[in-house]
Amino acid sequence: MGLYVSQRDQVTPTKYQRIWDVVAEIPRGRVATYGQIARLAGLGQRARLVGYALHHSPIEIELAWHRVINAHGKISFPQSSERYQRQQVKLEAEGIVFKNGRVDLDTYRWRPTTEEFPDEYFAQERGLQ
DNA sequence: CATATGACCTATG
DNA sequence: TCATAGGCCATAT
């Protein structure tokens, strides 16, 4: 992952690069939660920052933002919104099944390996595996 | 400087 | 399973 320069707001938001890098690692057909991304990016519990970073992600990196959902297994947009529909379509196109408007995290959650990420993440993730 | 606002999370009942 | 409360924190106004 290289340097990202946003053409949208004319700044280089380096503080968000770790978030974008982690999101880019989510494999096709899997999902991650905002909180999970925050921990993997070394941001502790600052899950809201992940949502902010995705909202402001530069257009020129084709980020798989749709693979990030909330801890309830739901899409974090109003269900009636077009953004909600777009995200659901993208996920279903990767084989992810929605049941009652929800994704089964036990089935579809991304579980990175210790080679990819530092041990501190897994130390905090007991109960996730 | 003071509030308000989110693509959020966890604990609790 | 669902709703609520409190916490969270960078930006926006």
Side-chain angles (χ1 to χ4, degrees):
Chain A
M1 309 305 143
L3 283 173
Y4 306 136
V5 178
S6 172
Q7 296 175 350
R8 178 178 296 161
D9 53 13
Q10 303 287 16
V11 297
T12 304
T14 53
K15 61 205 306 189
Y16 298 146
Q17 286 189 5
R18 284 186 58 81
I19 292 175
W20 296 331
D21 287 346
V22 174
V23 172
E25 297 291 321
I26 309 172
R28 181 181 174 83
R30 314 237 72 165
V31 296
T33 68
Y34 295 92
Q36 183 182 0
I37 298 299
R39 286 189 297 274
L40 285 168
L43 296 170
Q45 300 296 308
R46 282 173 285 179
R48 305 195 79 130
L49 196 57
V50 175
Y52 195 91
L54 291 186
H55 184 77
H56 296 277
S57 64
I59 47 186
E60 57 278 358
I61 64 173
E62 289 169 16
L63 202 62
W65 55 269
H66 60 280
R67 296 178 188 146
V68 185
I69 61 178
N70 66 34
H72 302 301
K74 294 179 178 176
I75 290 173
S76 286
F77 290 121
Q79 194 155 8
S80 57
S81 68
E82 189 187 339
R83 290 191 297 183
Y84 182 102
Q85 297 296 332
R86 202 160 60 231
Q87 186 169 6
Q88 181 173 13
V89 166
K90 280 173 171 284
L91 289 175
E92 287 177 337
E94 300 186 355
I96 290 174
V97 176
F98 282 76
K99 222 182 291 178
N100 298 323
R102 184 173 322 186
V103 169
D104 184 1
L105 288 175
D106 288 337
T107 302
Y108 295 105
R109 187 199 286 270
W110 171 44
R111 290 176 171 80
T113 65
T114 43
E115 286 80 40
E116 295 172 301
F117 289 93
D119 293 334
E120 306 94 61
Y121 168 71
F122 292 93
Q124 298 173 41
E125 286 306 302
R126 263 192 307 275
L128 187 74
Q129 303 278 341

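The analysis underlying the following values was restricted to heavy atoms, covering all of them including side chains, and did not include hydrogens, waters or symmetry mates. The structure presented is a predicted model; accordingly, all values stated were derived computationally and were not measured.
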Can you check the [X] [atom1] to [N] [atom2] distance for me, whole Å?
X      : N      : atom1 : atom2 : value
A:F77  : B:dG6  : CZ    : P     : 12 Å
A:H56  : B:dC8  : NE2   : P     : 13 Å
A:I69  : B:dC9  : CD1   : C1'   : 14 Å
A:N100 : C:dC2  : CG    : P     : 8 Å
A:Q88  : B:dA7  : CD    : C1'   : 15 Å
A:I19  : C:dT11 : CD1   : P     : 10 Å
A:H72  : B:dT12 : NE2   : C1'   : 13 Å
A:H55  : B:dA7  : NE2   : C1'   : 8 Å

Please confirm whether the backbone N or O of A:W20 pairs with a side-chain atom of A:E25, one donor and one acceptor, at under 3.5 Å?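 No; zero donor-acceptor contacts below 3.5 Å.
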
Hey, is the side chain of A:Y34 poking within less than 4.0 Å of OP1 or OP2 on B:dT10, counting only N and O atoms?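 The answer is no; no side-chain N or O of A:Y34 sits under 4.0 Å from OP1 or OP2.
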
Check whether any side-chain nitrogen or oxygen of A:R46 sits under 4.0 Å from OP1 or OP2 of C:dA10, and answer yes or no.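 For C:dA10, OP1 or OP2 has a side-chain N or O of A:R46 closer than 4.0 Å.
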
Nearest 0.5 Å, please: how far is CD in A:Q79 from OH in A:Y84?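 Those atoms lie 4.0 Å apart.
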
Please round to the nearest 0.5 Å and tell me the distance separating atom CZ of A:R30 and atom CD1 of A:I96.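 So the CZ of A:R30 and the CD1 of A:I96 are separated by 8.5 Å.
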
In whole angstrom, give me the gap between the C1' atoms of B:dC1 and C:dA12.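 Nearest-Å result for B:dC1 against C:dA12 at atom C1': 14 Å.
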
C1' gap between B:dG6 and C:dG7, integer Å: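 Here B:dG6 and C:dG7 have their C1' atoms 14 Å from each other.
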
Could you check which of [options] has an atom nearest any side-chain atom of [X]?
X     : options               : result
A:T33 : B:dA7, C:dC8, B:dC9   : B:dC9
A:Y16 : B:dG6, C:dT11, B:dT10 : C:dT11
A:Y52 : B:dA7, C:dT11, B:dT10 : C:dT11

Thinking salt bridges, do A:E94 and A:R67 make one under a 4.0 Å N-O criterion?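 Salt bridge present between A:E94 and A:R67.
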
Counterpart base for C:dA5, defined by Watson-Crick or G-U wobble contacts under 3.5 Å: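 For C:dA5, the partner nucleotide comes out as B:dT10, under the 3.5 Å rule.
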
Both distances under 3.5 Å, Watson-Crick or G-U wobble: report the partner of C:dT11, or none.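 Pairing partner, where one exists within any strand: B:dA4.
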
Map A:R102 and A:L49 onto DNA chain C by nearest heavy atom, then report which one ends up closer to the 5' terminus.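 So the residue in question is A:R102.
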
Residue pair A:I37 / A:A32: nearest heavy atoms and the distance that separates them: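 Looking at all heavy atoms of both residues, the shortest contact is CD1-CB, 3.7 Å.
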
